[in-house]
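Single-structure report; data block below.
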Amino acid sequence: MTPFSVELSPNARSAGERDAILADPGFGRHFTDHMVSIRFDRERGWYEPSVVPYGPITLDPATNFIHYGQSIFEGMKAYKHTDGHIRTFRPHKNAHRFRASARRLAMPEIPAELFIQSLVELAHVDGGWVPSDPEKSLYLRPFMFSTEVGLGVKPADEYQYLLIASPAGAYFPRGVAPVSVWLTPDYVRAAVGGTGEAKCAGNYAASLIAQAEASLHGCDQVVWLDAKEHQWVEEMGGMNLFFVFGTGDAARLVTPPLTGSLLPGVTRDSILIMAHQDLGIPVSEEPISVEQWKKGCESGGISEVFACGTAAVITPVGEVKSRVGAWTVSDGGAGPITMRLRNALLSLQSGQSPDTHAWMFELA
């Protein structure tokens, strides 16, 4: 274990102030009293691991990442189980993806053990910020960016890793509501060989104009198509997509394959395992075309569609709009397999069902 220094915040919120925030935290509006900081340079490697008071950081105007975008992040949640312990879901998968993102952006790869330890260190100091309500969690945001000062276009020699945390309420406070989606023909999220597999800031900046286009068409989210032919379905916003073919005992689950342009979601991987091993639903990774989606919904061959990711867990898709027409998925509601998977995953994460896969990692 790497020794961390700890500097407690002189402005930490009282238990009463904290409880008032946890009663209605929203998402990304409030932050805990502390954060983790670890620095890196090519000569020293990783150094100065510390827990420090949450607060602003000072940057030189010529800091490398501001100009050239060497910035990556991850997202996960911590839950307080009924035994009082704080656990998070499959953090080693996030550590692995964080290293892969760093590698793609020519950044140093933080050791997985140090990444995991940073979560543990923050949980020990700010564990009081984890809600007890199983519908709520503490969202953890590890991120890293280059800090070298200079305008030379090259991989930087200096970096900073930070971990911040924000209490999060139920993603759907009024119940699970199916979303409407716009299939964008004008913008591309990523191409094979690009940064689609990396969780980097630039991918999200590039997505904002397409999301605005979706809003203009009265849709909640944008669905990305492939960069070459603009006919193969890839992702919804920043979430992976799943299609349910058939119904009842004949149902099977299909998701687009990881071609190099899609983000390898931790929730995506977990759903593939749970559906097959726990619920007995056949799963496969197959390309899905726009035409196949449209005709499948019209014929009833496709009975449900949902997206998945850390923040919303599982989000049903009810309506699709595109330049080749509009259609509804089944009756436009949340289907039974979608809700069965969602409930199974949430129950495991919140500690209400047995952790048969040993996916929950104890932080404190």
Side-chain angles (χ1 to χ4, degrees), residues 176-197 203-247 250-265 268 271 282-309 312 314-338 341:
V176 181
V179 297
S180 58
V181 298
W182 169 252
L183 275 57
T184 179
D186 300 317
Y187 302 103
V188 171
R189 176 185 173 273
V192 176
T195 59
E197 288 184 313
N203 287 350
Y204 292 79
S207 75
L208 299 178
I209 191 169
Q211 180 58 46
E213 180 188 59
S215 297
L216 289 175
H217 289 277
C219 294
D220 302 304
Q221 285 284 346
V222 62
V223 164
W224 302 102
L225 305 178
D226 73 291
K228 186 176 181 180
E229 300 178 72
H230 300 281
Q231 65 167 312
W232 301 102
V233 178
E234 295 205 328
E235 295 186 9
M236 183 189 87
M239 305 172 73
N240 296 117
L241 278 165
F242 278 87
F243 296 78
V244 179
F245 285 77
T247 59
R252 64 187 183 95
L253 199 60
V254 179
T255 191
L258 300 177
T259 59
S261 59
L262 279 71
L263 188 71
R268 173 190 184 275
I271 288 171
V283 300
S284 61
E285 298 177 66
E286 304 171 20
I288 304 285
S289 70
V290 172
E291 187 66 13
Q292 186 179 5
W293 188 353
K294 184 173 185 289
K295 288 185 175 179
C297 288
E298 291 170 348
S299 69
I302 293 177
S303 58
E304 303 175 43
V305 179
F306 63 86
C308 66
I314 289 178
T315 304
V317 176
E319 183 184 11
V320 185
K321 295 182 182 180
S322 75
R323 289 186 182 166
V324 298
W327 60 93
T328 301
V329 179
S330 190
D331 63 359
I337 289 178
T338 300
L341 284 164

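This is a predicted model, so every value here is computed, not measured.
In this structure, the side chain of Q221 does not engage the main chain of M236 through any donor-acceptor pair within 3.5 Å. Under a 3.5 Å cut-off, the side chain of W224 and the backbone N or O of V233 do not form any donor-acceptor pair. Side-chain atoms of N203 come within 3.5 Å of backbone N or O of T195 as a donor-acceptor pair.
The side-chain hydrogen bond (donor to acceptor under 3.5 Å, both in side chains) test applied to K321 returns no partner, not counting sequence neighbours. Qualifying side chain to side chain contact (heavy atoms under 4.5 Å, CB included) partners for V188, counting only residues two or more places apart in sequence or in other chains: A227, H230. With sequence neighbours left out, S303 forms a side-chain hydrogen bond (donor to acceptor under 3.5 Å, both in side chains) with no residue at all. Residues meeting the side-chain hydrogen bond (donor to acceptor under 3.5 Å, both in side chains) test with E286, sequence neighbours left out: R252, S284.
Heavy-atom minimum distance, G196 versus R189: O-NH2, 3.2 Å. In this structure, R323 and D186 approach most closely via the heavy-atom pair NH2-OD2, 2.7 Å. Scanning both residues, G309 and M239, for their nearest heavy atoms gives N-CE, 3.6 Å. Closest heavy-atom contact between A251 and V244: CB-CG1, 4.0 Å. The shortest heavy-atom contact between E235 and L241 is C-CD1, 3.9 Å. Closest heavy-atom contact between V290 and L225: CG2-CD2, 3.6 Å.
Between the NZ atom of K295 and the CD atom of E298 there is a distance of 8.5 Å, given to the nearest 0.5 Å. Residue T255 holds its OG1 atom at 7.5 Å from CG of L262, rounded to the nearest 0.5 Å. Atoms CD1 and CD, from I337 and E304 in turn, are 5.0 Å apart once rounded to the nearest 0.5 Å.
Residue pairs meeting the side-chain hydrogen bond (donor to acceptor under 3.5 Å, both in side chains) criterion with at least one member in residues 256-265, sequence neighbours excluded: E234-S261, T259-S261. Applying the side-chain hydrogen bond (donor to acceptor under 3.5 Å, both in side chains) test to residues at least two apart or on different chains, the pairs with a partner in residues 208-217 are W182-E213, T184-E213.
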- CA sep, side-chain torsions, deciding dist, call: S322, W327, side chain to side chain contact (heavy atoms under 4.5 Å, CB included): CA-CA 9 Å; S322 75; W327 60 93; 3.7 Å; yes

Between I314 and C308, is the side chain to side chain contact (heavy atoms under 4.5 Å, CB included) condition met? List the steps. CA-CA 4 Å; I314 289 178; C308 66; 4.2 Å; yes

Working for side chain to side chain contact (heavy atoms under 4.5 Å, CB included), residues L253 and I271: CA-CA 10 Å; L253 199 60; I271 288 171; 3.9 Å; yes

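Looking at heavy atoms from C-beta onward, C297 lies out of side-chain contact with V320 at the 4.5 angstrom threshold. The shortest distance between side-chain heavy atoms of I288 and F245 falls below 4.5 Å.
For E285 and R268, the salt-bridge test passes: some basic side-chain N is under 4.0 Å from an acidic carboxylate O.
More than 12 heavy-atom neighbours from other residues, nucleotides or ligands sit within 6.0 angstrom of CG on L208.
Between W293 and F243, the ring-plane angle classifies as perpendicular under the 30° and 60° cut-offs.
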